[in-house]
Amino acid sequence: MSFGPFLLLALMEGLVSAAVLALMASGLSLVFGVMRVVNVAHGAFFMTGAVLAWFVAGHVPGPPVVGWLVALIIVPPLVGLLAAAVDVLVLKRLEYEPEAVIVATIGLLYILEQVALLSFGPDARPVAAPFSLRLQLPWFGYSGYKLFVVAAAGAVLLAVWLVMTRTRFGLVMRATQVDRVTARAFGINVDRVYAGTFGLGAALAAVAAVLVVPTTQVHYLMGGDPLLLSFITVIIGGLGSLRGTLVAALIIGLSDGVISMFWAPTLSKIIATLLVALVLVFRPQGLFGAKA
Amino acid sequence: MKGWLFHLAVLGVLAVLAVILPAYHANNLARVLVLAVFATGYNLAFGYTGMLSLGHALFFGAGMFGAALPVTLWGWGGLPVLGTGMLAGGVVAAAVGVLALRTKGVSFMIVTLMFAQAGYLTLIYCNAVTGGDQGLVLPGAARQVLGLDLTQDGSRLWLALGIYAAALAGALGLVGSRFGRVMLAMRENEERSRMLGYDPYTVKLKVLVISGLYAGLAGAAYGVFFGYAGAGFATVQYSILPMLYSLLGGAGTALGPLIGAAVMFWLIDFASGLTNAYLMLVGVVLIVVVLFAPRGILGYVRERWLPWLP
């Protein structure tokens with residue numbers, strides 16, 4: 001294959017990871033924006049979503065597409081409920097003290113991973129793709145499902161944006177984000193908004209997981225890399241800025257696809273993590289965020 | 001005076017344990033003591049100065065490879081590489097601190113985490129020198145310190161006890177000094193300390209370097225004692241463990257890290273016999289401590305019974 005098609009393939013792979021990353025990172029960004037806490041267990045929610053999707057897909061009879069659809073419908077709300085319960089039982093009692101929340105979500109990360117290890121086991125397992133359409137380009141064939149992932153992620157993100165800007169729930173969320181005390185004075189149930197936000201953030205990670213599992217494998221430690229990449233995305237994009245997060249996800253996903261196709265993936269990860277540290281040190285509002 | 005006598009007594013008890021414990025537990029006690037050195041250093045930064053770092057695995061790893069590389073590359077002996085490891089921990093901590101200390105709170109946690117992750121990936125990337133995933137096995141010839149053969153359980157434990165005693169004395173001396181009071185002032189109210197004329201940046205950088213020296217020494221000792229240096233010791237988990245030990249034992253108490261390390265080590269040792277998901281304990285203890293016992297075991301003891309504990 002010559003350079004041109006090779007680059008195209010790299011960009012397409014990058015687009016797929018950018019779409020998944022955008023879903024994941026927008027969940028993290030939403031939680032940080034509204035609640036001002038960092039959820040270290042975000043990757044573990046992603047992994048939980050993937051494990052549940054594997055479980056559901058394996059227990060629904062019929063062709064793979066049915067099981068996968070059922071998983072897509074019931075897994076994100078399940079993970080969202082789990083996260084909302086964690087919010088009420090743990091984070092609320094910590095009064096959302098940022099450092100304590102990080103410590104607690106690290107604990108949650110261990111618990112979710114180890115529960116998955118106990119129930120799901122240490123092996124990586126595949127989930128069948130709902131359909132196996134192949135898109136034949138002149139130079140190479142490409143999985144139609146991967147392109148579907150991009151479209152689906154775009155649709156979900158659009159829905160999130162509509163909810164945030166056009167619905168009452170979104171309005172209440174944004175009001176809480178701007179000023180939690182005033183919001184409470186206006187009769188907004190801040191506790192419920194926080195539980196809802198934390199649940200929604202985790203549900204987004206779960207949607208990303210259900211979309212991505214047919215292209216990869218389910219493993220109880222699969223949450224680590226997406227967590228790191230989401231951190232990178234959210235920080236580069238500006239903490240709490242949803243638009244910046246999307247732009248950053250696109251840049252990072254595409255460049256990750258290209259860099260890891262042409263150079264060693266470890267090297268690209270080293271550069272990305274160092275870049276994030278330096279951005280936080282020298283430009284804490286993110287590359288695209290406005291000055292706080 | 002009471003404090004010094006109390007800690008001497010604790011060291012005495014450890015020495016008695018070193019004599020009477022069966023081999024398996026003596027070996028574990030050596031591990032716990034080395035990890036306690038690591039956590040004691042972590043506690044200087046976290047418990048006493050209020051810097052919650054998620055990057056100490058990097059300093060531990062730097063110490064481990066700072067000791068292992070001179071052995072494998074140039075054939076150095078056990079004692080000098082304990083020094084190079086310790087130094088490596090301090091130097092890396094200084095480099096990280098110069099940048100990371102421009103931030104605080106959550107940003108500081110994430111910046112240190114990212115630097116540590118980059119360091120871990122670098123260890124993997126340079127697998128020609130560091131052994132990558134496999135790590136390096138240190139030859140027995142390099143594991144002799146001051147005439148002690150560290151391939152033997154007994155001598156390993158005695159040296160671990162010696163290093164822990166020195167680390168504890170250093171921490172007690174530091175915390176009791178005037179500088180120790182400035183550290184506490186930084187933890188309690190950074191703005192007010194700045195107004196009193198102390199520069200938070202330099203104070204915290206000094207503490208972070210000292211903490212890095214502790215972590216480096218612990219990493220070097222772990223490598224030399226048990227004959228193995230691996231990139232696995234630079235993963236996030238080794239940043240979380242000293243935090244867990246400090247929180248559980250009591251952040252801002254001199255013996256807390258030792259107690260936390262010992263309790264966690266034997267809990268995990270016990271649980272690993274029952275299930276392969278023994279790391280669940282790490283998560284459960286983290287959440288329970290942060291929810292119900294933010295002062296930790298010794299913090300509670302100090303509050304209720306022994307107000308003079310340092």
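The structure presented is a predicted model; accordingly, all values stated were derived computationally and were not measured. Throughout, a chain's letter reflects where its sequence line sits, starting with A, and its residues are numbered from 1.
Each of A:T105, A:L118, A:I232 has some count of heavy-atom pairs under 4.5 Å with chain B, and the biggest count is that of A:L118. Of the residues considered (B:Q237, B:M114, B:M109), B:M114 shows the highest number of contacts with chain A, using heavy-atom pairs under 4.5 Å. Among the candidates A:V276, A:L108, A:T273, A:L112, the residue making the largest number of heavy-atom pairs closer than 4.5 Å to chain B is A:T273. With respect to chain B, the highest number of heavy-atom pairs below 4.5 Å among A:Y110, A:Y220, A:F231, A:F282 belongs to A:Y110. Between chain B and the options A:V101, A:V115, A:I102, the largest number of non-hydrogen pairs under 4.5 Å is found for A:I102.
Contacts between B:L247 and chain A at a heavy-atom distance below 4.5 Å involve the side chain alone, from C-beta outward. In this structure, chain B has heavy atoms under 4.5 Å from both the backbone and the side chain of A:I270.
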- Show the numbers, then the answer: is there a side chain to side chain contact (heavy atoms under 4.5 Å, CB included) between A:L274 and B:F115? CA-CA 6 Å; A:L274 281 180; B:F115 276 126; 3.7 Å; yes
- Determine, step by step, whether A:Q114 and B:Y278 satisfy the side chain to side chain contact (heavy atoms under 4.5 Å, CB included) criterion, reporting the C-alpha distance in whole Å, the side-chain angles of both residues, the deciding distance to 0.1 Å, and the verdict. CA-CA 8 Å; A:Q114 299 296 316; B:Y278 52 89; over 6 Å; no
- Task: For side chain to side chain contact (heavy atoms under 4.5 Å, CB included), just list the numbers for A:V103 and B:M243, CA-CA rounded to whole Å, side-chain angles, deciding distance to a tenth of an Å, and then say yes or no.
- Result: CA-CA 9 Å; A:V103 176; B:M243 178 180 79; 4.0 Å; yes
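The line from CG of B:L113 to CG of A:L280 is 10.5 Å long, rounded to the nearest 0.5 Å.
Using a 4.5 Å cut-off between non-hydrogen atoms, no part of residues 46-55 of chain A approaches chain B. Interface with chain A: from residues 282-295 of chain B, residues B:V282, B:G283, B:V284, B:L286, B:I287, B:V290, B:L291, B:F292 qualify, criterion being any non-hydrogen pair under 4.5 Å.
Closest of all the heavy-atom pairs between A:E99 and B:V106 is OE2-N, 4.4 Å.
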